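This is a predicted model, so every value here is computed, not measured. Below, chains carry the letters A, B, ... as their sequence lines are ordered, and counting in each starts from 1.
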2 protein chains.
Amino acid sequence: MTKVQPRLAEFMPYRLSVASNAVSNRIAADYKARFGVNVPEWRVMAVLGDVGALTQRQLVGATFMDKVAVNRACKVLADRGLVARSPNDSDGRSHLLELTDSGREMHGQIMPLALRLEAQLLECLTAAEQRSLRKILDKLFAQVRDSDRD
Amino acid sequence: MTKVQPRLAEFMPYRLSVASNAVSNRIAADYKARFGVNVPEWRVMAVLGDVGALTQRQLVGATFMDKVAVNRACKVLADRGLVARSPNDSDGRSHLLELTDSGREMHGQIMPLALRLEAQLLECLTAAEQRSLRKILDKLFAQVRDSDRD
DNA sequence: TTGCTTCGGTTGCCAGTGTAACCGTCTCGG
DNA sequence: CCGAGACGGTTACACTGGCAACCGAAGCAA
């Protein structure tokens, strides 16, 4: 407790932010360069290709993105003909979003790329570290979610 | 390799981003509410209070922020009287930035808060996990930094 | 049915961030 | 010296992401 000031470089939230941003930027640049999509758009495509037709509301739940972000991503993807809106019979307020043929084709190219990038990123970690990271991130996220009071 | 689509939720960069953003937003809101500073401003104050007088160039190296971000943060802090610019005798292009008395006082309040927030965040992790996280984040960051080719 | 509330979605606005161009100073070769 | 290029810092501009207000449809109570 003498004079050993805590250095910024030792501050965990700072490290987390720096590492996460570096990873995100790197991957986002690849997506953008190869497919012309940004991260929100990529997330929407990934989920739609995985799960099938969803409403924007469901996409919000699946991606942890803001509803506005989801809306914008869907709009861009629809304009590019990668997803199609079909009316939702059970609720006139929303539409069902689904990949078109060309959207499904891009999804088929994008997911392997994503897995390659992930593998490339994680190759510097041992299998135990990868498992550990997964667990730790979940814990941290839950911890923040829970501490809404105080 | 049958039909097990990789779900977005299993994608590590996605998890990293979600967790990191949650942590950052939570902490940033606290800084803003209690001291009226944003993250870049907080980082500059933390470094200046720790190291002493620095140029903006040195702050860029110490915080991994863009030089524009550093400049803006310094401008705001200077306008609020928290840091002072003194001429740099050895280089007329830059100034030395240093905490003022009131800046030092705020630093004395802000760092304990930062440590409390960090402790509160990390309390959901074991000591081993905390060490592991530190190591993993460093590895990931280095990995991204290195893979600028490809 | 009518009226109120909730909800999905959309739009507009604002803060934060990155990029690019620019200015004054330094450095170094000639 | 002096001129070209590098560099620290600053400004202007474009882009991104989030919040808040708003709109139309659905749910529900009376």
Atom CD of A/Q56 and atom C1' of C/dG8 are separated, to the nearest Å, by 8 Å

With a 4.5 Å heavy-atom cut-off, do A/T55 and A/L96 have their side chains touching? yes

Kindly indicate, with the supporting measurements, whether the criterion side chain to side chain contact (heavy atoms under 4.5 Å, CB included) is fulfilled by A/I110 and A/V37. CA-CA 10 Å; A/I110 253 184; A/V37 298; 4.1 Å; yes

Contacts table for residues 129-141 of chain B: side-chain donor-acceptor under 3.5 angstrom, sequence neighbours left out:
{"residue": "B/E129", "atom": "OE1", "partner": "A/K139", "partner atom": "NZ", "Å": "3.0"}
{"residue": "B/E129", "atom": "OE1", "partner": "B/T126", "partner atom": "N", "Å": "2.9"}
{"residue": "B/E129", "atom": "OE2", "partner": "A/K139", "partner atom": "NZ", "Å": "3.2"}
{"residue": "B/Q130", "atom": "NE2", "partner": "B/L122", "partner atom": "O", "Å": "3.1"}
{"residue": "B/S132", "atom": "OG", "partner": "A/S132", "partner atom": "OG", "Å": "3.4"}
{"residue": "B/R134", "atom": "NH1", "partner": "A/E10", "partner atom": "O", "Å": "3.0"}
{"residue": "B/R134", "atom": "NH1", "partner": "A/E10", "partner atom": "OE1", "Å": "3.2"}
{"residue": "B/R134", "atom": "NH2", "partner": "A/E10", "partner atom": "O", "Å": "3.4"}
{"residue": "B/D138", "atom": "OD1", "partner": "A/R15", "partner atom": "NH1", "Å": "3.3"}
{"residue": "B/D138", "atom": "OD2", "partner": "A/R15", "partner atom": "NH1", "Å": "3.1"}
{"residue": "B/K139", "atom": "NZ", "partner": "A/E129", "partner atom": "OE1", "Å": "3.0"}
{"residue": "B/K139", "atom": "NZ", "partner": "A/E129", "partner atom": "OE2", "Å": "3.1"}

Hey, does A/L117 have a side-chain heavy atom less than 4.5 Å from the side chain of B/P13? no

List, one per line, each side-chain donor-acceptor pair under 3.5 Å for residues 59-72 of chain B, sequence neighbours excluded.
{"residue": "B/T63", "atom": "OG1", "partner": "B/L59", "partner atom": "O", "Å": "2.8"}
{"residue": "B/T63", "atom": "OG1", "partner": "B/M65", "partner atom": "N", "Å": "3.4"}
{"residue": "B/D66", "atom": "OD2", "partner": "B/V68", "partner atom": "N", "Å": "2.8"}

Whole angstrom value for the distance that separates C1' of C/dT10 from CZ of A/R57: 15 Å

Neighbours of DNA chain D within residues 82-93 of chain A, by heavy-atom distance under 4.0 Å: A/D91, A/G92, A/R93

Please check if any side-chain donor atom of B/Q56 sits under 3.5 Å from a side-chain acceptor atom of B/R85, or the reverse. yes

Could you identify which residues of residues 58-80 of chain A place a heavy atom less than 4.0 Å from some atom of DNA chain D, listed by residue number, or say none? A/D66, A/V68, A/R72

Is there side-chain contact between B/Y14 and A/V39, with at least one heavy-atom pair below 4.5 Å? no

Where does the chain A footprint on DNA chain D start and end, counting 5' to 3' with a 4.0 Å heavy-atom cut-off? D/dG17 to D/dA26

Rounding to an integer number of Å, can you tell me how far B/R43 CZ sits from C/dG16 P? 14 Å

More than 12 non-hydrogen atoms from neighbouring residues, nucleotides or ligands closer than 6.0 Å to CZ on A/R80, yes or no? yes

A/Q143 side chain to A/D146 side chain, donor-acceptor N/O pair below 3.5 angstrom: no

Can you pull the salt bridge (Lys or Arg N to Asp or Glu O under 4.0 Å) pairs that have at least one residue in residues 95-114 of chain B, sequence neighbours excluded? B/D101-B/R104

